[in-house]
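A short worksheet on the structure shown next.
Just so you know, these numbers use all the heavy atoms, side chains as well, and skip hydrogens, waters and symmetry mates. The first residue in the sequence is number 1, and the count goes up from there.
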Amino acid sequence: MKKVTAIYPGSFDPPTNGHLDLVERGSKIFDELIVAVLRNSEKTPLFSIGERRHMLEELTAGFKNVRVDVFDGLTVHYASRVKASAMLRGIRALSDYEYELQMALMNRKLRPELETVFMMPAEKYSYLSSRLVREVARLGGDISKLVPEIVEQRLREKLDPAFKLQSRKEKAGRA
Ligand code: PNS
């Protein structure tokens with residue numbers, strides 16, 4: 001039977017529990033799932049492309065059929081390079097629908113062979129976005145239920161360099 005490879009493209013700045021929920025769901029229905037991080041977005045990211053790739057690799061290491069990659073340019077061109085026949089996107093609420101529909105139809109126009117598959121994350125993540133996570137973290141709010149532990153740690157280090165120094169000292173003290 002034909003193997004189905006799907007890409008899951010996005011900015012992942014940073015990866016959230018919602019993204020991971022979708023990775024888990026996607027890994028169950030596709031033979032191979034490639035989490036594809038967009039390198040050159042118009043937005044200025046908080047995390048570098050290497051940092052995002054690293055976090056995602058760590059977070060998805062337990063899924064045998066999931067790998068992480070980085071891409072530039074059009075998503076449809078990347079999809080054809082890796083021979084993906086599907087593209088996974090998450091829809092949290094009705095407000096996502098318009099943008100996602102527009103993107104899916106444009107991608108279909110550009111590459112009809114690529115099918116966009118929408119999945120819904122668990123309801124508890126329906127309000128979650130990377131943008132809100134960055135904002136809450138920047139303003140000192142609790143993000144421990146919103147992102148995996150390693151992402152929380154990296155966010156704290158990024159936003160407060162003194163935190164990085166402190167946790168290095170603590171680790172050295174324990175060694
Ligand atoms: O996580 P995001 O920021 O919602 O992901 C958006 C992403 C990366 C999927 C989208 O911006 C994208 O595909 N960008 C690559 C350029 C492209 O193909 N543009 C045409 C989209 S119709």
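A 4.5 Å side-chain heavy-atom check between K3 and E32 finds at least one atom pair inside the cut-off. Considering only heavy atoms from C-beta on, L22 comes within 4.5 Å of L88 through its side chain. Side-chain contact check for S11 versus V37: every heavy-atom pair is 4.5 Å or farther apart. Looking at heavy atoms from C-beta onward, L155 lies in side-chain contact with L46 at the 4.5 angstrom threshold. At a threshold of 4.5 Å between non-hydrogen side-chain atoms, the residues R92 and Y125 do not count as touching. Looking only at side-chain heavy atoms (C-beta outward), L146 and Y127 come within less than 4.5 Å of each other. Residues R67 and D69 are in side-chain contact: their nearest non-hydrogen atoms beyond the backbone lie under 4.5 Å apart. Between E115 and R108 the shortest side-chain heavy-atom distance falls below 4.5 Å.
Tracing side-chain contacts under 4.5 Å through hydrophobic residues (I, L, V, M, F, W, Y), one never reaches Y8 starting from F71; they form parts of separate clusters. Linking ILVMFWY residues whenever their side-chain heavy atoms come closer than 4.5 Å, directly or via other members, leaves V68 and Y78 in distinct clusters. Cluster annotation: F12 is connected to F63 through the hydrophobic network of ILVMFWY side chains, with a link wherever side-chain heavy atoms come within less than 4.5 Å. Linking ILVMFWY side-chain heavy atoms closer than 4.5 Å, directly or via other members, places I150 and L159 in a single hydrophobic cluster. L74 is connected to M106 through a chain of hydrophobic side-chain contacts under 4.5 Å among Ile, Leu, Val, Met, Phe, Trp and Tyr, so both are in one cluster.
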Worksheet item: Are Q102 and E98 close enough, and set up right, to give a side chain to side chain contact (heavy atoms under 4.5 Å, CB included), and what steps lead you there?
Response: CA-CA 6 Å; Q102 206 180 4; E98 216 169 317; over 6 Å; no

Practice prompt. Give the intermediate values and the outcome of side chain to side chain contact (heavy atoms under 4.5 Å, CB included) for residues T16 and V151.
Written response: CA-CA 8 Å; T16 67; V151 176; over 6 Å; no

Fill in: From CA spacing to verdict: side chain to side chain contact (heavy atoms under 4.5 Å, CB included), I29, R25
CA-CA 7 Å; I29 64 163; R25 287 171 202 279; over 6 Å; no

Worksheet item: Should S126 and M120 be marked as a side chain to side chain contact (heavy atoms under 4.5 Å, CB included) after you check the CA-CA gap, both sets of side-chain angles, and the distance that decides it?
Response: CA-CA 8 Å; S126 59; M120 289 154 292; over 6 Å; no

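At distances below 3.5 Å, at least one donor-acceptor pair connects side-chain atoms of N17 with backbone N or O atoms of K145. The backbone N or O of S27 lies less than 3.5 Å from a partner atom in the side chain of N65, making a donor-acceptor pair. Judged by distance alone, with hydrogens and angles left aside, the side-chain atoms of D72 form no donor-acceptor pair with the main-chain N or O of R39 at under 3.5 Å.
Shown are D96, I91, L101; of these, the side chain to side chain contact (heavy atoms under 4.5 Å, CB included) with F118 is made only by I91.
Looking only at atom types and distance, the side chain of Q153 has a donor-acceptor partner in the side chain of E157 under 3.5 Å away. For the residue pair D142/S144, the side-chain donor-acceptor check at 3.5 Å is satisfied.
Contact check on R154 versus E58 returns a salt bridge, with a Lys/Arg side-chain nitrogen under 4.0 Å from an Asp/Glu carboxylate oxygen. Using a 4.0 Å cut-off between a side-chain N of Lys or Arg and a carboxylate O of Asp or Glu, R156 and D160 do not qualify as a salt bridge. Under a 4.0 Å N-O distance rule, the pair E51/K158 qualifies as a salt bridge.
Rounding to the nearest 0.5 Å places CD of E100 at 10.0 Å from CG of N107. Here the CD1-CD distance, from I143 to E149, works out to 11.0 Å after rounding to the nearest 0.5 Å. Atom CG of L114 sits about 6.0 Å away from atom CD1 of I7, to the nearest 0.5 Å. Taken from OG1 in T116 to CE in M103, the straight-line distance is 7.5 Å, to the nearest 0.5 Å.
The two residues M55 and P14 come nearest to each other via the heavy atoms CE-CB, 4.5 Å. Between L128 and G18, the shortest heavy-atom distance links the atoms CD2-N, 3.7 Å. Considering every non-hydrogen atom in both D13 and S130, the closest pair reads O-CB, 3.5 Å. In plain terms, the two heavy atoms of R89 and G10 that are nearest each other are NH1-CA, 4.2 Å. The two residues T60 and L56 have their closest heavy-atom pair at OG1-O, 2.7 Å. Among all heavy-atom pairs drawn from P15 and L59, the shortest one is CB-CD1, 4.0 Å.
Residue-environment remark: CD (E57) exceeds the threshold of 12 foreign heavy atoms within 6.0 Å. No more than 12 heavy atoms of other residues, nucleotides or ligands shown are found within 6.0 angstrom of CG on L94.
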